[in-house]
Amino acid sequence: MARKYNFSAGPAMLPTAVIERAQQEMLDWNGSGMSVMEMSHRGKEYMSIAEKAEKDLREVMAIPDNYKVLFLQGGASSQFAMIPLNLLGDKESADYINTGMWSKKAISEAKRYGKVNIAADMAETNYTTVPTQAELKLDPNAAYVHYTPNETIGGVEFDYIPETHGVPLVADMSSTILSRPIDVSKFGLIYAGAQKNIGPAGLTIVIIRDDLLGKASSLAPTMFNYAIHAENDSMYNTPATYSWYVAGLVFEWLKEQGGLEGMAKVNKRKADKLYAAIDASDFYGSPVARNARSWMNVPFTLANADLDADFLKGASQRGLVTLKGHRSVGGMRASIYNAMPEEGVDALVAWMQEFERSQG
Ligand code: PMP
């Protein structure tokens with residue numbers, strides 16, 4: 001059966017080579033006579049899988065030694081609470097940059113635990129832009145600055161890393177992690193749900209600088225305490241073993257693609273092709289400011305929304321699926337994470353051109 005080009009925002013496509021490898025190893029991992037799903041997380045076989053995955057992620061992202069990598073559960077949504085519970089410490093407030101739906105969720109959760117200062121709010125542009133550095137109203141006494149480098153729903157992406165003058169920078173990288181190289185040392189904490197660019201759902205990765213550990217509120221549940229997970233190598237309780245294993249296969253795959261430099265080249269090319277198709281005529285449009293256009297999530301509209309259903313139907317007949325825009329935005333959204341082959345974007349562009357001709 002042919003695999004479809006799945007433009008879902010997440011769970012999203014995984015590299016076919018990774019799924020095939022998982023399939024080969026499904027019943028008997030490396031002569032162990034067991035599936036990875038059946039292994040004790042404390043056994044020597046599984047420990048080797050877990051350690052290899054962390055080592056490869058550290059290599060691929062060039063994570064400095066003074067950062068811990070945690071393999072947690074609960075999704076990025078749990079991080080919305082874990083971050084204030086762990087990082088507010090004795091500070092009064094934290095700064096949050098509001099660029100859309102996911103920033104808003106992080107903000108409303110943080111407000112349950114402390115004071116939130118909105119350093120910038122892009123409501124006036126209907127969340128189609130990012131603030132400039134000069135527009136950020138940062139509080140030098142903030143416990144941390146939180147932002148969403150890539151808003152998955154709006155398709156709005158920062159084209160710079162905010163300068164916070166020593167205040168720890170916290171980034172929700174759920175939909176942009178591993179899409180290109182980043183300088184981890186500029187961040188206090190990076191987090192991401194796995195189901196877009198890392199692996200299967202159920203795993204949440206947190207990369208945290210050592211000095212931010214050990215400041216959790218006494219009210220933080222044990223499972224919401226970064227220091228507990230760091231001290232226990234993410235095995236305080238049973239981790240999402242199978243998702244962690246598949247993530248490890250994805251990290252190996254990334255190394256074979258030339259690492260994040262290699263990924264960045266392909267991702268930029270894919271995004272450029274798609275935006276060029278959108279910009280080629282007035283038939284299609286992008287709501288997002290040019291400097292804030294995401295490489296990973298590309299929302300676009302048809303000038304005549306009455307044609308949306310026909311566009312989606314024809315796309316689906318060509319194996320191009322999950323292109324319907326988020327219910328809050330409408331139109332279309334093509335998520336083109338690492339595992340979306342360039343041929344998938346080429347096929348989408350070809351369909352966009354064919355559809356426009358057929359209507360013209
Ligand atoms: N943040 C961003 C930027 C996201 O895209 C998502 C998921 N779409 C989330 C947070 C929530 O992630 P989860 O479902 O893993 O809780």
Side-chain angles (χ1 to χ4, degrees), residues 6-14 70-85 94 96-112 116 122 127-130 144-159 161-162 169-180 182 187 189-207 221 223-224 229 234 239-240 242-244 246-247 250 267 288 292-299 322-329 332-340:
N6 176 9
F7 293 89
S8 168
M13 288 184 84
L14 283 165
L70 307 179
F71 291 79
L72 307 181
Q73 301 182 57
S77 301
S78 293
Q79 294 308 310
F80 296 162
M82 237 169 135
I83 287 159
L85 279 167
Y96 277 73
I97 302 173
N98 184 2
T99 49
M101 203 80 111
W102 292 110
S103 312
K104 281 188 205 172
K105 291 211 164 157
I107 290 166
S108 61
E109 194 70 6
K111 281 182 174 164
R112 299 162 59 109
V116 167
M122 305 325 282
Y127 301 104
T128 58
T129 56
V130 293
Y144 58 90
V145 179
H146 179 282
Y147 84 121
T148 312
N150 186 67
E151 284 281 357
T152 319
I153 294 172
V156 168
E157 178 157 33
F158 276 77
D159 55 348
I161 297 175
L169 181 61
V170 175
D172 176 358
M173 289 205 187
S174 293
S175 49
T176 184
I177 194 165
L178 301 174
S179 65
R180 77 206 78 179
I182 51 145
F187 297 86
L189 188 153
I190 291 168
Y191 66 101
Q195 63 274 17
K196 302 163 195 305
N197 245 353
I198 297 174
L203 174 71
T204 310
I205 289 193
V206 173
I207 302 168
M223 281 295 291
F224 269 39
H229 290 295
S234 306
Y242 197 76
S243 297
W244 188 336
V246 178
V250 171
N267 286 332
V288 181
R293 287 176 166 186
S294 168
W295 283 15
M296 295 282 106
N297 310 100
V298 183
T322 338
L323 279 162
K324 195 168 171 16
H326 190 270
R327 59 192 180 279
S328 65
V329 180
M332 321 299 156
R333 174 178 49 167
S335 294
I336 49 174
Y337 300 115
N338 287 347
M340 170 59 68

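In this chain, numbering begins with 1 at the start of the sequence shown. Note that the structure is a prediction, hence the values are computed from the model and not measured. Counting starts at 1 for both ligands and their atoms, following the listed order.
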Is there at least one pair of N or O atoms, one from [X] and one from ligand 1, spaced under 3.5 Å apart?
{"X": "Q195", "result": "yes"}
{"X": "D172", "result": "yes"}
{"X": "S77", "result": "yes"}
{"X": "K196", "result": "yes"}

message: Quick check on contacts: which atoms of ligand 1 are under 4.0 angstrom from a heavy atom of G75?
response: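 Atoms satisfying the 4.0 Å criterion: 15 (O), 16 (O).
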
field: ligand 1 atoms in contact with F80 (distance to a heavy atom under 4.0 Å)
entry: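 So the answer, numbered in order with elements, is 10 (C).
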
query: Looking at Y96 versus Y144, is the centre-to-centre ring distance below 6.0 Å?
result: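 Yes; Y144 has its ring centre under 6.0 Å from that of Y96.
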
message: Taking 4.0 Å as the limit for heavy-atom contacts, which would you say applies to Y191 with ligand 1: side chain only, backbone only, both, or neither?
response: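 Within the 4.0 Å criterion, Y191 makes no contact with ligand 1.
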
- prompt: What part of E151, side chain, backbone, both or neither, has a heavy atom within less than 4.0 angstrom of ligand 1?
  reply: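 Near ligand 1, E151 shows nothing, with every heavy atom at 4.0 Å or more.
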
- prompt: Please state which protein non-hydrogen atom is closest to atom 5 (O) of ligand 1 and give its distance, to 0.1 Å?
  reply: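 Looking only at protein heavy atoms, the one closest to atom 5 (O) of ligand 1 is T152 OG1, 2.4 Å.
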
- request: Would you mind finding which of G100, G193, A76 brings a heavy atom closest to atom 13 (P) of ligand 1?
  value: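 Going through G100, G193, A76 one by one, A76 has the nearest heavy atom to atom 13 (P) of ligand 1.
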
message: Taking side-chain hydrogen bond (donor to acceptor under 3.5 Å, both in side chains) as the definition, give me every residue that meets it alongside R180, ordered by chain and number, with sequence neighbours left out.
response: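 R180: side-chain hydrogen bond (donor to acceptor under 3.5 Å, both in side chains) contacts with E157, T176.
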
message: Tell me every residue that passes side-chain hydrogen bond (donor to acceptor under 3.5 Å, both in side chains) with S243, counting only those two or more places apart in sequence or in another chain.
response: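 With sequence neighbours excluded, S243 shows a side-chain hydrogen bond (donor to acceptor under 3.5 Å, both in side chains) to no residue whatsoever.
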
- prompt: Considering residues, nucleotides and ligands other than K104, do more than 12 of their heavy atoms fall under 6.0 Å from its NZ?
  reply: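 Counting neighbours around NZ of K104, more than 12 heavy atoms of other residues, nucleotides or ligands fall under 6.0 Å, so yes.
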
Check: T148/T99 side-chain N/O donor and acceptor closer than 3.5 Å: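 No, no side-chain donor-acceptor contact under 3.5 Å.
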
- request: Kindly assign one of parallel, tilted or perpendicular to the pair F71 and W244, based on the angle between their ring planes and the thresholds 30° and 60°.
  value: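 The rings of F71 and W244 lie parallel, inter-plane angle below 30°.
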
field: S8 side chain to G10 backbone, donor-acceptor under 3.5 Å
entry: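 A pair under 3.5 Å: yes.
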
